[in-house]
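Only a predicted model underlies this, so the values are computations on that prediction, with no experimental measurement involved. Quick note: residue numbers are just sequence positions, from 1.
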Amino acid sequence: MMLVIKWVFVFVFATVTAGLDEILEEEKHTEITNSRIMIVKPWNSTRRLSPYVRPQQYFINLYPNLEQGSFVGSVNITIILDSAQSYIKLHSKELNITDTKLNSSSVTAFSYPEHDFLVVMPNEELRAGEYKLQISFEGSLLNKKVGFNRGSYNDSKSNEQHYMATSKFEPTFARLAFPCFDEPHLKSKFKISLTRPSGNNYIALSNMNQEYEEVNVPTNGLTTVHFANTVPMSTYLACFIVCDYQSLEPVKTDQGFPLTVYAKSGQTENMEYAEYVGVKAINYYVNYFGIQYQLPKLDLIPIPDFPSGAMENWGLVTFHEARVLFNKSITSIDDQEEIAFIVAHELAHMWFGNLVTMKWWNDLWLNEGFATYMKYKATQVIHPEWDVDTSFLIQRLHYVQSLDSDNSSRAIVHDVSESQQIFQMFNAISYSKGSSVIRMLEDFLGEEVFRIGVSAYLKRFAFKNAETDDLWTELQTVTNNTVNVKKVMDTWTRQAGFPVVSAIRNGTKLTLKQQRFFSEPNTNSTNDSSILNYKWEIPISYTTSKNNTVHKLWLSKDEDSITIDIPDAEWIKLNHRQVGYYIINYSESDWGLLSNLLQTNVDALSAADRSNLIYDAFILARADYVPYSIALNMTKYLSLEHHYVPWNVAANNLKTLSERLYQRPAHKTLEEYIQHLLGSKKEDFWNDSSDRNFLQRKLQAVIFKLGCTYGLPSCLTKAYELFKRFLDDKIQPRQDIRYAVYYHGMSMGNDSEWNKLWDLFLNEQEPQEKENLRDALTASKETSILNKLLQYAKNESLVSPQNYLKIISRISRNPFGAQFIWDFLRDNWQYLVDRFSLDNRQLKSLMYSICSRFNTQERIREMKIFFEKHPEIEAGNDDRKYALEDVSDNIKWLEKYEAVISNWLINSN
């Protein structure tokens, strides 16, 4: 039998080396495993790597040539084979493999680009055991933002261009930098060496601390930096940086290791706030989890044009610079809040994601949902005055429910295989819904039970990988079986959507019943079936007019309805602080009682509960569960509202009405109603004062923007006054209202003022301020000025291609620019395609961004003519279809609701 196997192996190998393509076309090959012959699909037919081949140690050497935009490297991987193998399959993408050896002997390696595979074919069958795989390679740093790539920036003083090499590997981009086993469960240690230029203050950074430097001999102007070995981690967490950044003095955490922040010249002081938040967050997490941070150092570094907000590389966290740099004279409190959140989020990953990693991307929420929720807990400790639990509603819960109420939504835990499916997991369902159901979970378990269970989970799976059920098992252990954690949480994580709970009172009896909520009326079908039948285990909470006690009970998926006794109470408010991931539909009389309550005693309910009522009323009205009058009645009390979150909820929903009523007679009536709500604000409310606390400043910013948007005279007067003072005297308005001042000030400005603003934009170096000025340039009411902007912005030395498309999209949101930009798009479509190509994601989405607010049959006719003229728009892109559907929906909505809303507004005014 062994002789037969030997000859079969020789035949297979000879055939592969003679014609790989022929074997791939046959869709099968012979694989010898454990002395057995099996006919299996070839290595390309399965998208996953072998479970029997495991990396233990990488030795990586990389030299990025910054001037040429290329790199060369080598990797030596210690591999464990758990069973005999006829080949070794790993990942490699866009790398030129120059040499491959196995245990120092040359072997043949084939690339299979369709699935990013590199297949190593040994000269004989490999027995189970340890092997050394050595691969030399080279690649390009250019024309990409992921993998190993070259970034650049201009010196703020000399305007000289500087190059840097950086990396971004999540989820499947490590294979662009070095051949590797690029799946999250294949953890390994990494010993990394980076070669950098010897002079000009260049530094090299990686996950671990530097051990020593080696000046290359013979001297060629290069220095190789050797870093300590990492702990076991996934490939996507490795990080390589070569740059000429500077750093602040490291700050020690309570644990004793240094936290260091880096930035380009002139920006290091703008990393002080990130450093402050970073130290506080790390100290909080160490104490909360009861688990030490596992590396000897932690670095934070901003990268120009980083492709995402941030990346949690273990020991070397990278950020988009606009998301982390804090300048006291420029950064708004909204941006400050975002910086705190993003730093706290990435550092939470040091435990959730890095220490314990999901086995596969279907459980991405274990990384992202927890990091998203934990950042709120950490920020609450760092800034207790911010009331972050209430802001959670508008930043996470409300946004994701608007997506999750669609028929096309997916479950939190969702099977994925191909790269594109993996990328799609990085969305609001994993982040925001994930964090929302964790918030609910903590509430019904209790804070301490939750903390103990999460800590036990992290300790049990440290340096390993886990699945969702592993978390439920650890939490179940500490609950003393007071609740079946898996039974409850499966209903929230393994099916799409969420329930609406109807609450009907009859005397002292309250009957609760659930059904899946859809934002579109009369939606019954689902894209996928659910073994749970779209029923949920719902933790119900409520308070009444009798007292502030929070009552709790369960509405089970196995019951059609439940009826409970409610002692004689004037009103009842369910879903306390909107901790539950569901909405409540009261009877019309109970909606009325709650609306009257807020008008007579605004503080009878918390800001979170007030926000909840506005949100539920509007989302139910849009879905035709309740009349729009109920939702609009809920806004009557707003002149008394003193917290920014309820105002924000109202502003967002009124904006939706405004967009629906776009260029309709009722739009003017809506403006007048909003002006009426804001009319009670005293003159000093608009003053540009910094004496307000955080919540007061947030409130002023929300209302100032609302007042400017809907034409409140006192607000527009103040905006133009501050805008003129900025242009003429270079006195900047306070950060919190700066965007609104720039935008609405410019909307009232002239050509001369626009020219001044353009010059300020060109000379601005601060990323956040430059974005503010860019958007303000699109606010003019003069189409001649808007056309001038589009012509000027074509010059890539003045405006980046990415920002050119943002300018087009932003002009379309200007009421005076909508028709202009629609004409521009049709007249210049070929120019845009030639410049950006149809593969450009921003260009693909531009069509939807511009057209989706249209609301007339004439616009549909124009769109169809344009699409017929340019059929290439549809290729691989659903935005055309969605845009037409949205315009059709807008027209139907107007037919059904415009008159009703218009009548309510007229009677209210």
Side-chain angles (χ1 to χ4, degrees), residues 393 397-398 400-401 404-405 409 411-412 433 436-446 449-450 472 475-476 479 481-519 524 526 530-544 546 549-567 569 571-591 594 605 608-609 612-613 615-617 619-620 623 625-626:
L393 302 181
L397 196 150
H398 294 172
V400 73
Q401 281 194 335
D404 201 23
S405 60
S409 185
I412 289 177
K433 184 176 181 179
S436 296
V437 300
I438 291 167
R439 178 172 174 257
M440 178 174 65
L441 170 68
E442 182 189 46
D443 183 72
F444 71 72
L445 289 182
V449 169
F450 175 80
W472 303 155
L475 287 169
Q476 188 66 53
T479 61
N481 292 320
T482 55
V483 61
N484 187 327
V485 176
K486 176 174 169 54
K487 180 183 178 184
V488 171
M489 295 307 295
D490 275 357
T491 66
W492 300 98
T493 60
R494 297 189 181 274
Q495 58 184 351
F498 61 93
V500 52
V501 176
S502 61
I504 305 300
R505 276 207 289 174
N506 184 6
T508 62
K509 301 291 185 181
L510 179 70
T511 299
L512 303 174
K513 188 174 183 178
Q514 65 165 297
Q515 68 181 99
R516 184 179 179 183
F517 176 78
F518 288 109
S519 57
N524 294 311
T526 58
S530 167
I531 60 172
L532 299 165
N533 297 317
Y534 296 104
K535 296 290 186 180
W536 288 264
E537 296 288 327
I538 306 176
I540 300 290
S541 59
Y542 67 90
T543 57
T544 72
K546 287 296 185 181
T549 302
V550 180
H551 304 274
K552 296 185 177 183
L553 63 139
W554 287 92
L555 174 56
S556 173
K557 68 180 181 63
D558 301 321
E559 299 173 296
D560 289 335
S561 66
I562 60 170
T563 299
I564 58 174
D565 287 319
I566 301 291
W571 53 262
I572 178 172
K573 164 64 178 66
L574 290 108
N575 199 4
H576 180 62
R577 294 191 60 83
Q578 203 173 359
V579 172
Y581 189 74
Y582 53 88
I583 56 177
I584 298 291
N585 187 14
Y586 302 91
S587 64
E588 191 162 346
S589 59
D590 277 322
W591 277 116
L594 291 167
L605 299 174
D609 282 322
N612 180 199
L613 289 173
Y615 171 79
D616 281 6
I619 196 172
L620 288 165
Y625 280 77
V626 300

(request) For the pair His551 and Tyr542, name the ring-plane relationship: parallel under 30°, tilted 30 to 60°, perpendicular over 60°. (result) parallel
Minimum-distance pair of heavy atoms, taken over all atoms of [X] and [Y]:
{"X": "Tyr586", "Y": "Ile572", "answer": "CE2-O, 3.5 Å"}
{"X": "Leu397", "Y": "Arg439", "answer": "CD1-NH1, 4.0 Å"}
{"X": "Lys433", "Y": "Ala496", "answer": "NZ-C, 4.1 Å"}

(message) Any salt bridge linking Arg505 with Asp590? Criterion: basic side-chain nitrogen under 4.0 Å from a carboxylate oxygen.
(response) yes
(request) From the options Asn612, Thr543, Thr544, select the one residue that forms a side chain to side chain donor-acceptor pair (under 3.5 Å) with Lys573. (result) Asn612
(request) Let me know which of Gln401, His398, Gln578 forms a side chain to side chain donor-acceptor pair (under 3.5 Å) with Tyr615. (result) Gln401
Is it true that [Y] and [X] share a donor-acceptor pair across their side chains at a distance under 3.5 Å?
{"X": "Asn533", "Y": "Lys557", "answer": "no"}
{"X": "Ser561", "Y": "Thr511", "answer": "no"}
{"X": "Glu559", "Y": "Ser556", "answer": "no"}

(request) Check the pair Gln476, Lys486 against side-chain contact (heavy atoms from CB on, under 4.5 Å), reporting the backbone distance first and the verdict last. (result) CA-CA 8 Å; Gln476 188 66 53; Lys486 176 174 169 54; 5.7 Å; no
(request) Give a yes or no answer on whether the side chain of Trp571 reaches the backbone of Leu594 with a donor-acceptor pair at less than 3.5 Å. (result) no
(message) With a 3.5 Å distance limit and no angle check, can you tell me whether Gln514 reaches the backbone of Trp536 through a side-chain donor-acceptor pair?
(response) yes
(request) Decide ring-ring contact (aromatic ring centres under 6.0 Å, His included) for Phe517 and Tyr582; before the verdict, give the C-alpha distance in whole Å, the side-chain angles of both, and the deciding distance to 0.1 Å. (result) CA-CA 9 Å; Phe517 176 78; Tyr582 53 88; over 10 Å; no
(request) Quick one: do Trp492 and Ile538 satisfy side-chain contact (heavy atoms from CB on, under 4.5 Å)? Show the steps, please. (result) CA-CA 9 Å; Trp492 300 98; Ile538 306 176; 4.1 Å; yes
(message) Side chains of Asp490 and Trp472, heavy atoms from C-beta outward: is any pair under 4.5 Å?
(response) yes
(request) Start with the C-alpha gap between Asn585 and Asp616, add the side-chain angles, then the distance that decides, and say whether side-chain contact (heavy atoms from CB on, under 4.5 Å) holds. (result) CA-CA 8 Å; Asn585 187 14; Asp616 281 6; over 6 Å; no
(request) Report the C-alpha distance between Lys509 and Asp565 in whole Å, list the side-chain angles of each, state the deciding distance to 0.1 Å, and finish with yes or no for salt bridge (charged side-chain N to carboxylate O under 4.0 Å, His left out). (result) CA-CA 5 Å; Lys509 301 291 185 181; Asp565 287 319; 2.4 Å; yes
(request) Verify the neighbour count for atom CG of Asp558: are there more than 12 heavy atoms of other residues, nucleotides or ligands below 6.0 Å? (result)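 Counting other residues, nucleotides and ligands, CG of Asp558 exceeds 12 neighbours.
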(message) Between Tyr581 and Ser436, does the side-chain contact (heavy atoms from CB on, under 4.5 Å) criterion hold? Intermediate values first, please.
(response) CA-CA 7 Å; Tyr581 189 74; Ser436 296; 3.7 Å; yes
